[in-house]
Amino acid sequence: MRISVLGANGRLGRAFVRILEERHEVTEVTRKQLEFSDEEAVAAWAEKCDAEWVVNCAAISGLEACLDDPLTAHLVNARAPELIAGECHRRGIAFLHISTDYVLDGRRPGRHDETTSCKPVNVYGQSKLEGELRIQEVSPSAWISRISWIFGPDLPSFPHQVLERAMQGQAQQAIGDKFSLPTFADDFVTAWESLAVSKIDGGVYQMCNEGEPVSWADIADETLRLAADLGAPLKESLIERTSLKDAHFFRDKRPPHTAMACKKLADIRGALLRPWQVALGEHLGDLADDGWRLPSK
C-alpha cells in the first residue's frame with residue numbers, strides 16, 4: 001500500500017513509519033513539509049496526495065497549548081482533518097484519523113464504549129471532538145480511532161520518565177485518581193495494518209490495550225515492578241500518590257474517568273489488543289536488552 005503518515009515525527013507517527021516501511025511505500029509528512037494550521041496549504045496538499053491511505057497522527061495535544069491558542073488548536077485538530085478527509089473521500093483515498101479519550105467528559109467511573117455520549121471538559125477535547133464530527137460529515141467512510149496514554153519505543157513517554165527518575169534516585173509523585181488505559185504504539189499500528197486490508201465500515205473505533213482502568217500512579221508502580229524484575233538499576237522504587245485536585249500545574253481540566261472499552265474493535269476483529277501490562281513488560285524487556293538506554297527526543 002501507498003501510505004502517507006501525517007504527523008510523522010510524533011510518538012504514534014514514528015511507530016507507523018518504522019513498522020510499515022518494511023512492507024509498504026510510506027511517505028512521511030511533518031510540520032516542516034506541511035503547516036497543519038494553514039488551510040490553503042492543507043487543501044493543496046490533499047489535492048496532490050497520491051496515497052491509497054492517509055493516516056493522520058498530526059495534532060496539537062498539549063492541553064495548555066490548546067488553552068492558550070484555541071484558534072490554532074481548532075485549525076490543526078478539526079479544520080485540517082476535515083479538509084483532508086473530504087478530499088480523500090472525493091478521490092477514493094482511505095483515511096484514518098487519530099482521536100482521543102479526552103472527548104469524554106470523564107464523570108463516570110468504569111470503561112466507556114463508542115456509544116457513550118461525549119462532552120469534553122477542556123479545549124483540547126473540544127477541538128478533537130469537533131474534528132471527529134466534521135470528518136464524519138464529509139467522509140462517512142473515514143476511520144476515527146480514539147486512543148489514550150500512548151507509549152512506545154520511539155519517543156520518551158510516561159513509563160520512560162518514571163524509569164529515568166528511579167534510576168537517578170529521584171523521589172516521584174504520580175496522580176492516583178485519574179483513570180484511563182495505556183496504548184502501546186506498536187500494538188496499535190499492527191492492529192490497524194491487519195484491519196486496513198479488510199473492507200470495514202467507517203466510523204469511530206476505540207483502540208487501546210486491554211485491562212481495567214488504571215491511574216498514572218498504577219502505571220508507575222507497574223513500570224518499576226516489572227523493571228526491577230528485569231534487573232533495572234533502580235535507586236528509588238517508591239511512588240507517592242497525589243490527587244488531581246492538587247495538580248496546580250495543570251491550567252485546564254483533566255477528565256478523571258476516560259478508560260475506553262473497545263467494543264466495536266472486538267466485534268470486528270474478534271480479538272482485542274493484549275493487556276497493557278504484557279505490552280509494557282515486553283517493551284521493558286527490549287530496554288533491558290539494550291542496556292536500559294531510554295529513548296530521547
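Given the structure is predicted, the values throughout are model-derived calculations rather than measurements. We're numbering straight along the sequence, starting at 1. Because only heavy atoms are used, hydrogens play no part in the values below, and waters and symmetry mates are left out as well, while side chains stay in.
Among all heavy-atom pairs drawn from R11 and D154, the shortest one is O-OD2, 4.2 Å. Taking all atoms of both residues into account, the shortest heavy-atom contact from V138 to G86 is CG2-N, 3.6 Å. Between Y124 and T100, the shortest heavy-atom contact is OH-CB, 3.5 Å. Of all heavy-atom pairs between S37 and T72, the closest is CB-CG2, 4.1 Å. Residues R225 and E222 approach most closely at NH2-OE2, 2.8 Å, considering heavy atoms. Of all the heavy atoms in L104 and C118, the pair that sits closest is CD2-SG, 4.1 Å.
For the pair E282/D186, no side-chain contact is recorded, criterion being any heavy-atom separation below 4.5 Å from C-beta on. Residues R14 and E28 have side chains not in contact (no heavy-atom distance under 4.5 Å, counting atoms from C-beta outward). Side-chain contact between P70 and Q126 is absent, with no heavy atoms from C-beta onward closer than 4.5 Å. At a threshold of 4.5 Å between non-hydrogen side-chain atoms, the residues V214 and P182 count as touching. Residues L20 and V55 fail the side-chain proximity criterion, which asks for heavy atoms closer than 4.5 Å. Between L63 and Y102, some side-chain heavy-atom pair lies under the 4.5 Å cut-off. Annotation: side chain of N122 is not in contact with side chain of L67 (no heavy-atom distance under 4.5 Å). Counting only heavy atoms from C-beta outward, the side chains of L12 and T183 never approach each other to under 4.5 Å.
In this structure, CD1 in I268 is found 10.0 Å from NZ in K263, a value given to the nearest 0.5 Å. Put simply, CG on L163 and OG1 on T223 are 6.0 Å apart, with the number rounded to the nearest 0.5 Å. For the atom pair I98 CD1 and I147 CD1, the distance stands at 5.5 Å (nearest 0.5 Å). The distance from the CG atom of L96 to the CD1 atom of I3 is 10.0 Å, given to the nearest 0.5 Å. Rounded to the nearest 0.5 Å, atoms OG (S141) and CD (Q136) are 11.0 Å apart. Here the NZ atom belonging to K178 is positioned 12.5 Å from the OG atom belonging to S243, to the nearest 0.5 angstrom.
No donor-acceptor pair closer than 3.5 Å links the side chain of N9 to the backbone N or O of T30. Formation of a donor-acceptor pair under 3.5 Å by the E52 side chain with backbone atoms of R2 is found in this model. Distance alone, capped at 3.5 Å, places no donor-acceptor pair between the K253 side chain and the P120 backbone. Side-chain atoms of Q206 come within 3.5 Å of backbone N or O of A261 as a donor-acceptor pair. At distances below 3.5 Å, at least one donor-acceptor pair connects side-chain atoms of D177 with backbone N or O atoms of L244. Under a 3.5 Å cut-off, the side chain of D252 and the backbone N or O of V123 do form a donor-acceptor pair. Although no hydrogens or angles enter the test, the distance criterion places a donor-acceptor pair under 3.5 Å between the side chain of S148 and the main chain of L181. Checking side-chain atoms of H24 against main-chain N and O of M1 turns up a donor-acceptor pair under 3.5 Å. Proximity of a side-chain donor or acceptor of K235 to a complementary backbone N or O of Q170 within less than 3.5 Å is not detected. R146 places no side-chain N or O within 3.5 Å of a backbone atom of V103 that could act as its donor or acceptor partner.
When hydrophobic clusters are built by joining Ile, Leu, Val, Met, Phe, Trp and Tyr residues whose side-chain heavy atoms come closer than 4.5 Å, directly or via intermediates, L226 is grouped together with L234. Cluster annotation: V121 and I175 are assigned to distinct hydrophobic clusters (Ile/Leu/Val/Met/Phe/Trp/Tyr, side-chain heavy-atom contacts under 4.5 Å, transitive). The cluster map of Ile, Leu, Val, Met, Phe, Trp and Tyr, joined by side-chain heavy atoms under 4.5 Å apart, puts I239 and M167 in the same cluster. Taking hydrophobic clusters as Ile, Leu, Val, Met, Phe, Trp and Tyr residues chained together by side-chain heavy-atom distances below 4.5 Å, L230 shares a cluster with F158. Taken together through direct or relayed side-chain contacts under 4.5 Å among Ile, Leu, Val, Met, Phe, Trp and Tyr, I219 and F179 form parts of separate hydrophobic clusters.
We find that R254 and E64 are joined by a salt bridge, their nearest charged nitrogen and carboxylate oxygen being less than 4.0 Å apart. Looking at K264 and D201, no side-chain N of the basic residue comes within less than 4.0 Å of a carboxylate O on the acidic one, giving no salt bridge. Taking a cutoff of 4.0 Å between a charged side-chain nitrogen and a carboxylate oxygen, E39 and R79 qualify as a salt bridge. Here R134 does not pair with E137 in a salt bridge; the nearest charged N to carboxylate O distance is not below 4.0 Å.
Atom CZ of R23 sits in a crowded spot, with more than 12 heavy atoms from other residues, nucleotides or ligands closer than 6.0 Å.
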Determine, stepwise, if the pair E236 / Q172 fulfils side chain to side chain contact (heavy atoms under 4.5 Å, CB included). CA-CA 9 Å; E236 177 61 67; Q172 300 190 63; 5.6 Å; no

Go through D187 and W276 one step at a time and tell me if the side chain to side chain contact (heavy atoms under 4.5 Å, CB included) criterion holds. CA-CA 10 Å; D187 286 356; W276 67 269; over 6 Å; no

Kindly determine whether F151 and L280 satisfy side chain to side chain contact (heavy atoms under 4.5 Å, CB included), including the steps that lead there. CA-CA 9 Å; F151 73 99; L280 177 61; 4.0 Å; yes

Begin from the C-alpha positions of E193 and V197 and carry the test side chain to side chain contact (heavy atoms under 4.5 Å, CB included) through to its verdict. CA-CA 7 Å; E193 185 184 15; V197 298; 5.8 Å; no

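Residues S215 and D218 have side chains that bring a donor and an acceptor to within less than 3.5 angstrom of each other. Side-chain N/O atoms of N77 and S127 include a donor and acceptor closer than 3.5 Å. S99 and E132 share a donor-acceptor pair across their side chains, judged by distance under 3.5 Å alone.
Taking the six-membered ring where tryptophan is involved, the planes of F188 and F16 are perpendicular, since the angle between them exceeds 60° and thus also 30°. In this pair, W192 and W143 present their aromatic rings perpendicular. The plane angle is above 60°, beyond the 30 to 60° band. Using the six-membered ring where Trp is involved, H283 and H160 have ring planes that are perpendicular, over 60° apart on the 30 and 60° scheme.
Apart from V204 itself, the hydrophobic cluster it occupies contains L6, V29, L34, F36, V42, W45, V54, I60, V76, L83, I84, I93, F95, I135, I144, where clustering links Ile, Leu, Val, Met, Phe, Trp and Tyr at side-chain heavy-atom distances under 4.5 Å.
By the side chain to side chain contact (heavy atoms under 4.5 Å, CB included) test, P275 pairs with Q277, V278, sequence neighbours left out.
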